[in-house]
There are 2 protein chains.
Amino acid sequence: MTKKITIYDLAQKLNISPATVSRSLNDHPAISQKTKDKVLLVAKETGYRTNKFAANLSKQKSNTIGVIVPKLNSNFMSTVLSGIEKIANDVGYNLIISQSLESEEKEKLNAKTLFDSGVDALLVSLAYETENFDHFTTYTDRKIPLLFFDRVCDLPNCPTISIDNHAAGFDATQHLIQQGCRNIVHISGSLKRNVYADRFDGYQRALHKNAIEFHKENLYESDLSIENVQKFVERIRDSKHKVDGIFVSNDTFAVHCIKELKKEGYKIPEDIKIIGFNNDPVSEVISPNLSTIEYPGYKMGMLAGQSIISHLSGSINIQSADQILIKHKLIIRESTKI
Amino acid sequence: MTKKITIYDLAQKLNISPATVSRSLNDHPAISQKTKDKVLLVAKETGYRTNKFAANLSKQKSNTIGVIVPKLNSNFMSTVLSGIEKIANDVGYNLIISQSLESEEKEKLNAKTLFDSGVDALLVSLAYETENFDHFTTYTDRKIPLLFFDRVCDLPNCPTISIDNHAAGFDATQHLIQQGCRNIVHISGSLKRNVYADRFDGYQRALHKNAIEFHKENLYESDLSIENVQKFVERIRDSKHKVDGIFVSNDTFAVHCIKELKKEGYKIPEDIKIIGFNNDPVSEVISPNLSTIEYPGYKMGMLAGQSIISHLSGSINIQSADQILIKHKLIIRESTKI
DNA sequence: TTTATTTATGTAATCGGTTGCGCAATATAT
DNA sequence: ATATATTGCGCAACCGATTACATAAATAAA
């Protein structure tokens, strides 16, 4: 129905130049209030909508932030995204979200596509596989703000947001030890990713501090997909040394371990104590409730959003925060009770 | 580092016109293969990237699909989004995702913003509150494809994708009845939304078919936020007529009901049988496992994506599918065992 | 009153592709 | 050999806003 109204139409109606219209709409200081009011009024009446395409082209920016995540459909990720969206939306930025599906190849493609789409900044949580980071140089070369969250990597001038996974891994393990565990299995995701590598490191440090020797058979590395649960539980059952504690890098996996262990006749926490990671909703649903590490996803999302937006709006303290660490918290529930 | 290469640069290098370059890059039939090859080659060498801003401006399309969902961080929604993203990404569309946070006001704003951003199409799942749909006329007026999924509404020329909530509600209730329940409570979300209204309707029909009278005290309407669980459980406890079955419109809520009921000393399923909705992962974690209705979110997302994209690419059978229904399935688990 | 400032608006180039139309060159038909 | 199609490419307008620079009008200073 309504056809597109352009600033030229408004200009004609008001007998002024398109430039003045443009400036009025953008509240440029050099325009008199009287003129601005007139323009705004007519703009409202005619239902004028600025054409973002044109504006983007001449300004070479899109008011859009790109996001690449491994998977959309995980509780943690969608919570983070929710936080990012909240912030971005509040300040008028759009979010283009894409998923790498844990594939380096797809991550590269997404990075390229988003670049071509002209995103003003990029937020990334890395795929499991990714080992090479060249696909991000396009951004760093052109000074497009790039920020990593959760699954981060160490690129020059790229701020990161995460929790202190070292400390969190330590705390989780230390807790198990305090509860009397002496032969603790660690179920980890890909050690290529900082989040898992650091937790593993924390696990080792805790063992060491308590003078417990680390046996490499006690490290179970996988992609943490549920299919592995049974295999791992069998491995625990058949372990030479009786396993009395498990630190799982992910609540979902931990929960399914509990189910499977119970099927095998284990009593949790009497026979084996288990602690997870993330504080997913499921951790409070399983019986016994799962001890875990709280990982505040929503907060992380909001921080990521704020950080990148302050970059974009050129706040002063840009370079100051290269690495933001969010506090984690040990949550003790039944699965590690003595 | 690398400065922007434009088609003008390529044209100069090759001694041809920008128009020919543009056409070559777009594989226009009027250009000889020889020329195309030359252009493509130089484009590759120089690292040419087409400027989407410019292309968008002249084509007046953005290769972008807007999505408005109530909340990003729910298992169901993120699963649907994952499906949409998969499809969109495969065919080179970007997804701008925004959340209404269940507020009609924010939904309106998002609709406006996305319109201004020039999305080629819009996918919507309505907020709890939304009663007025005028904010979508901007789209329908300009023939911008608009599709509703899950929480749909009846607008002319707007296809919808959902499951048959009538039938699903009926099946769930019928199952409870078959298991011997005679006084069944239905815990519903806002009846403004089709999904809940239809399920409620199915519930009533099942009762009626089995000659069970419907008591309006047995309908518990809320926003299904967990805070209501305790209140509802007390209401069940204090009910004049002993409640022996509950049909909850949402697994998360159902799971928390089970937890609370167990605390109150109820035995599930012996004292009360419960069935949920969605087949969320939690439904298999709770003990006893929750019977539920499978709601294939990923499939719904993929269908929504495919449908809207075939609209955009002008496939013939556009108007044919006005309403897509996805099959649901009754999943019987322990919580409704006799 | 004249000159110097300040304020408000206009002119026109620019962002980088896309595309209708026209023209030349080559191929086909008569 | 001449007329008619066909093919390949260039010209130039266009998409709609932004913005450096110029200019006119209003105000202040001399």
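Quick note: numbers below take in every heavy atom, side chains included, and nothing from hydrogens, waters or symmetry partners. Chain identifiers are assigned alphabetically (A, B, ...) following the order of the sequence lines, protein sequences preceding nucleic acid strands; residue numbering begins at 1 within each chain.
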message = Without decimals, in angstroms, what is the distance between A:Q60 CD and C:dT14 P?
response = 14 Å

Listing, residues 145-155 of chain A side-chain donor-acceptor contacts under 3.5 Å, not counting sequence neighbours, or none:
unit_1: A:D150; atom_1: OD1; unit_2: A:Y295; atom_2: OH; d: 2.5
unit_1: A:R151; atom_1: NH1; unit_2: A:E102; atom_2: OE1; d: 3.1
unit_1: A:R151; atom_1: NH1; unit_2: A:L126; atom_2: O; d: 2.7
unit_1: A:R151; atom_1: NH2; unit_2: A:E102; atom_2: OE2; d: 3.0

note = B:D116 atom CG is separated from D:dG16 atom P, nearest whole Å, by 14 Å

inquiry  = If the condition is side chain to side chain donor-acceptor pair (under 3.5 Å), which residues does A:T130 pass it with, not counting sequence neighbours?
reply    = A:E107

ask   = NZ of A:K38 versus C1' of C:dT9: gap in Å, rounded?
value = 11 Å

note = B:I16 atom CD1 is separated from D:dC11 atom P, nearest whole Å, by 11 Å

key: B:S22 and its side-chain contact (heavy atoms from CB on, under 4.5 Å) partner, picked from B:T20, B:N26, B:L25   = B:N26

message = Is there a side-chain contact between A:S17 and the phosphate of C:dG10, meaning an N or O under 4.0 Å from OP1 or OP2?
response = yes

request  = Please report, rounded to the nearest Å, how far the P atom of C:dT11 is from the OH atom of A:Y8.
outcome  = 12 Å

message = Quick check on contacts: within residues 25-37 of chain B, what sits under 4.0 Å from DNA chain D by heavy-atom distance?
response = B:A30, B:I31, B:S32, B:T35

query = Taking the nucleotide of DNA chain D with the closest heavy atom to each, which residue, B:V21 or B:L57, is nearer the 5' end?
reply = B:V21

query = Do B:K52 and A:D116 meet the salt-bridge criterion of a basic N to acidic O distance under 4.0 Å?
reply = no

note = Comparing nearest nucleotides in DNA chain C, the 5'-proximal residue of the pair B:F53, B:T20 is B:F53

ask   = Quick check, are the ring centers of B:F53 and A:F53 under 6.0 angstrom apart?
value = no

task = Measure from CG on A:L10 to C1' on C:dG10 and round the result to the nearest Å.
result = 16 Å

key: For B:D223, all residues meeting side chain to side chain donor-acceptor pair (under 3.5 Å), sequence neighbours excluded   = B:S225, B:N228

task = Round to the nearest Å and state the distance from B:K59 atom NZ to C:dG16 atom C1'.
result = 12 Å

ask   = Side chain of B:Y139, backbone of B:A111: donor and acceptor closer than 3.5 Å?
value = yes

Spacing of A:I7 atom CD1 relative to C:dT9 atom P, expressed in whole Å = 16 Å

ask   = Looking at A:Y48, does any N or O in its side chain come under 4.0 Å of the phosphate oxygens OP1/OP2 on D:dA17?
value = yes

inquiry  = I'd like to know if the side chain of A:S32 pairs up with that of A:T35 as donor and acceptor (distance under 3.5 Å, no hydrogens or angles considered).
reply    = yes

query = Is A:S22 near enough to D:dT18 that one of its side-chain N or O atoms lies under 4.0 angstrom from OP1 or OP2?
reply = yes

Indicate every side-chain donor-acceptor pair of residues 61-71 of chain B with a distance under 3.5 Å to a residue at least two apart or in another chain.
unit_1: B:K61; atom_1: NZ; unit_2: B:N63; atom_2: OD1; d: 3.1
unit_1: B:K61; atom_1: NZ; unit_2: B:Y93; atom_2: OH; d: 3.3
unit_1: B:S62; atom_1: OG; unit_2: B:T64; atom_2: N; d: 3.3
unit_1: B:S62; atom_1: OG; unit_2: B:G118; atom_2: O; d: 2.6
unit_1: B:S62; atom_1: OG; unit_2: B:D120; atom_2: OD1; d: 3.3
unit_1: B:N63; atom_1: ND2; unit_2: B:G92; atom_2: O; d: 2.9
unit_1: B:T64; atom_1: OG1; unit_2: B:S62; atom_2: O; d: 3.2

Please tabulate the protein-to-nucleotide N/O contacts below 3.5 Å involving nucleotides 20-23 of chain C, giving atom names and distances.
unit_1: C:dG20; atom_1: O6; unit_2: B:R23; atom_2: NH2; d: 2.4

